[in-house]
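Reckoned from all heavy atoms, side chains included, excluding hydrogens, waters and symmetry mates. Every chain is numbered from 1, with letters handed out A, B, ... down the list of sequences.
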Amino acid sequence: MKESRLMKGNEALAEAVIRSGCDAYFGYPITPQSEILEYLSLEAHKRTGMVVLQAESEVASINMVYGAAGTGKRAMTSSSSPGISLMQEGISYIACAELPCLLVNVVRGGPGLGTIQPSQGDYFQAVKGGGHGDYRMIVLAPSNVQEMVDFVRLGFDLAFKWRNPVMILADGALGQMMEKVELFEQMQRKTNIEPWATVGKPKDRERNIITSLHIKPDKMEEINLHLQAKYKEIEKEETRFATIDCDDAEVILTAYGLVARICQKAAQLARAKGIKVGVFRPKTLFPFPYDAINKLAAKENIKGFLDVEMNAGQMVEDVRLAVNGQKKVEFHGRMGGIVPSPEEILAKIEEKFVGELV
Amino acid sequence: MNEKTMLEEDLREQEVDQAECIFCNENIVYEKPDTLLDTPMHYCPGCGHGVAHRLIAEVISELGIQENTIGVAPVGCAVFAYNYLNIDMQEAAHGRASAVATGIKRVMPEKYVFSYQGDGDLAAIGTAETIHTCNRGENILIVFINNAIYGMTGGQMAPTTLPGMKTTTSPFGRDVLTMGNPLKITEIVATLPGVYYCTRTAVNTPANVRRAKKAILKSFEYQKLNKGLCFVEIVSDCPSNWKMNPVQANKWLEENMLPYYPLGDLKVPNEKEN
Amino acid sequence: MAKVKGDILVDIEKCKGCELCRAACPQKSLELSRKINSKGYHYIVRIEDNCTGCTNCALVCPEGIIKVYRMTLNKKEPVATITNVTNDITVTVKS
């Protein structure tokens with residue numbers, strides 16, 4: 001039976017972590033996500049025996065995740081922007097060594113120490129690589145507290161399906177806001193042993209090595225080609241998005257996460273004024289729904305796109321790539337922890353499109 | 001070359017009287033352990049890493065814990081340690097081997113876990129991880145190879161480089177006024193309550209090799225008893241980057257390294273508690 | 001005391017000629033060969049027939065390629081076996 005509760009985003013996510021049968025969480029406090037570590041410290045061990053360890057830094061956290069994930073267990077960490085920056089080297093190693101794990105970034109405003117308020121300034125970092133070398137994470141963008149819960153389970157599933165790190169890219173507002181959530185039932189801790197995991201070498205198998213080092217260039221290229229082929233498969237199979245009122249729309253708002261919800265409200269306001277606005281929301285930022293946007297852009301009734309983000313314009317680059325010049329793509333962004341209001345988005349729609357709309 | 005031809009070659013070479021035939025299995029008093037693979041090592045001639053690897057392999061073989069041991073290799077010359085040890089291993093980011101070992105041990109507390117790290121890895125870039133892993137008393141073994149230099153990158157100054165010692169980045173000798181003093185990290189970790197056993201050994205003489213092996217053996221035994229962190233420093237040589245031949249290097253080690261890094265136990269368990 | 005005889009087998013293909021075994025040998029019975037192996041290293045050989053099988057060479061060998069053998073020549077049967085010793089005992093041997 002599903003259980004409903006009123007919960008804060010960070011705590012709901014932590015509850016989902018426990019229920020997903022996670023084996024180990026390693027983390028370091030940083031606003032606005034410290035509730036995850038706090039909630040797990042209080043609840044997790046006594047309920048499932050899962051390991052919860054406050055590390056000495058984000059650098060240590062991500063490398064503890066590497067070690068635990070290398071044994072084939074469900075391992076994860078969470079942090080916020082500056083902490084995630086510190087983890088980039090480790091994430092690159094994890095991606096190359098193909099270790100499944102879950103990473104949560106409750107994004108705050110940057111650059112630098114920035115602000116503790118919500119932001120989407122880490123889109124490039126999460127989606128385009130972030131660390132060194134050619135690698136990708138699967139990036140899930142929750143838009144409400146319910147998805148903060150659901151994407152934990154989905155995240156672990158995808159991580160093990162593809163042997164790849166998965167990141168939940170939330171933001172400070174999603175972490176802090178309270179909403180009603182439906183919680184899935186407690187899942188079992190993992191008991192099966194992954195064939196590639198370093199769990200001690202039995203006599204009858206070759207030793208397992210977890211490494212991202214391949215000194216010989218031909219071997220390293222082989223690894224790279226393998227990873228790229230995997231990412232192509234992920235793009236084929238795992239692209240997820242939502243469309244709201246796009247069928248008859250003349251203007252499409254593209255937005256992810258929290259901003260997508262604000263855009264829904266803006267679309268309602270616009271329709272009340274007779275402007276047909278729809279919302280396109282990618283749920284996976286990698287893989288990005290290029291095809292879906294491209295097909296949308298080809299539709300005659302669509303005049304253009306307005307991409308709205310809490311940054312200086314990051315996802316808009318992918319939207320433009322997807323639209324590929326078929327229609328115009330405008331951008332509206334707020335930075336530094338400011339959340340755009342539905343009214344200002346409506347004003348932007350009117351400014352950019354109303355003259356052209358009949 | 002297979003064993004037979006090797007044997008024949010040797011017999012010819014060494015003109016052994018075949019009638020006596022000492023070379024039978026019952027007469028073997030020393031051979032490399034099974035856990036050490038036959039892969040030729042990439043280390044320079046005379047490098048102490050080979051001995052340290054072999055000692056770990058000997059202990060794992062003797063304790064019969066190959067199936068239950070997971071090692072963590074560092075970044076540095078020993079980055080390829082997993083090519084030589086026939087056990088499951090992970091290769092960590094530079095300095096993070098003890099954090100990786102923590103991650104493994106926490107989810108598999110019943111396994112034996114050790115990290116193998118050099119001085120740059122453990123005492124420079126990884127100092128925070130080293131101190132905190134020790135301070136938490138993680139139930140693992142940290143093997144610390146101290147050869148006072150960065151070997152893999154070509155002989156730069158390490159945190160443990162001796163005062164006045166010339167390296168490629170201290171070409172006029174380590175000036176302690178501008179470059180700081182060598183970091184005695186083993187002394188530092190010995191002060192932490194989480195560390196159960198802390199010792200400094202070397203691999204420059206047969207006697208020291210025996211002591212180093214004993215320290216590693218004890219550490220794995222303590223790990224079995226969940227006693228806490230064991231820290232074994234092995235003072236080693238780097239003939240290539242010290243720019244000496246291996247025999248000179250071991251002499252230099254004896255005369256210069258050991259006075260600064262004296263051998264012996266820095267922290268021993270209170271045997272009465274055991 | 002029975003006389004012991006030792007000997008070693010070296011995997012000369014893997015020898016890097018570092019000579020640490022030569023330095024560690026108390027019998028001074030090891031020396032570098034004039035020949036080289038396929039990697040181009042002069043490899044270690046036993047030149048004196050006085051090896052006692054003390055294992056020092058194998059202990060310091062970084063490559064782990066020395067196998068040590070030891071056998072007792074003119075093995076004598078023990079004249080007595082002492083068991084169940086609970087206190088210190090002193091044995092004086094007349095020379």
Considering only heavy atoms, which portion of [X] lies under 4.5 Å from any heavy atom of chain C: side chain, backbone, both, or neither?
X      : result
B:N250 : side chain
B:N208 : neither
B:V209 : side chain

Query raised in the report: Can any side-chain N or O of B:T161 pair as donor or acceptor with the backbone N or O of B:M157 at less than 3.5 Å?
Result: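 Side chain of B:T161 to backbone of B:M157: no pair is present.
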
**Report entry** Backbone N/O of B:A212 and side chain of B:T201: donor-acceptor pair under 3.5 Å
**Finding:**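 Answer holds: no.
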
Report task. Could you check which of C:G53, C:A24, C:C61, C:S38 has the highest count of heavy-atom pairs closer than 4.5 Å to chain B? Result ->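 Ranked by heavy-atom pairs under 4.5 Å with chain B, first place is C:C61.
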
Query - Residue selection (most heavy-atom pairs with chain B, distance under 4.5 Å) from C:T55, C:I65, C:L20, C:D49 - result: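 Greatest number of close heavy-atom pairs with chain B: C:L20.
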
Query raised in the report: What about B:Y82 and B:H53, are their ring centers closer than 6.0 Å?
Result: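 Ring centroids of B:Y82 and B:H53 are no less than 6.0 Å from each other.
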
Query raised in the report: Does the side chain of C:V4 reach to within under 4.5 Å of the side chain of C:L73, using non-hydrogen atoms?
Result: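 No, every pair of side-chain atoms sits at 4.5 Å or beyond.
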
Query raised in the report: Do B:Q117 and B:I145 have side chains that get closer than 4.5 Å, going by heavy atoms?
Result: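 No, every pair of side-chain atoms sits at 4.5 Å or beyond.
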
Query raised in the report: Can you find a side-chain donor-acceptor pair between B:E254 and B:N204 that sits under 3.5 Å?
Result: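 Per modelled atom types, B:E254 and B:N204 side chains form a pair under 3.5 Å.
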
Query raised in the report: Which answer fits C:C54, side chain, backbone, both or neither, if we ask what part of it has an atom under 4.5 Å from a heavy atom of chain B?
Result: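 The backbone, not the side chain.
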
Query raised in the report: So which part of C:A23 gets closer than 4.5 Å to some heavy atom of chain B, the side chain, the backbone, both or neither?
Result: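 Contact with chain B: side chain only.
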
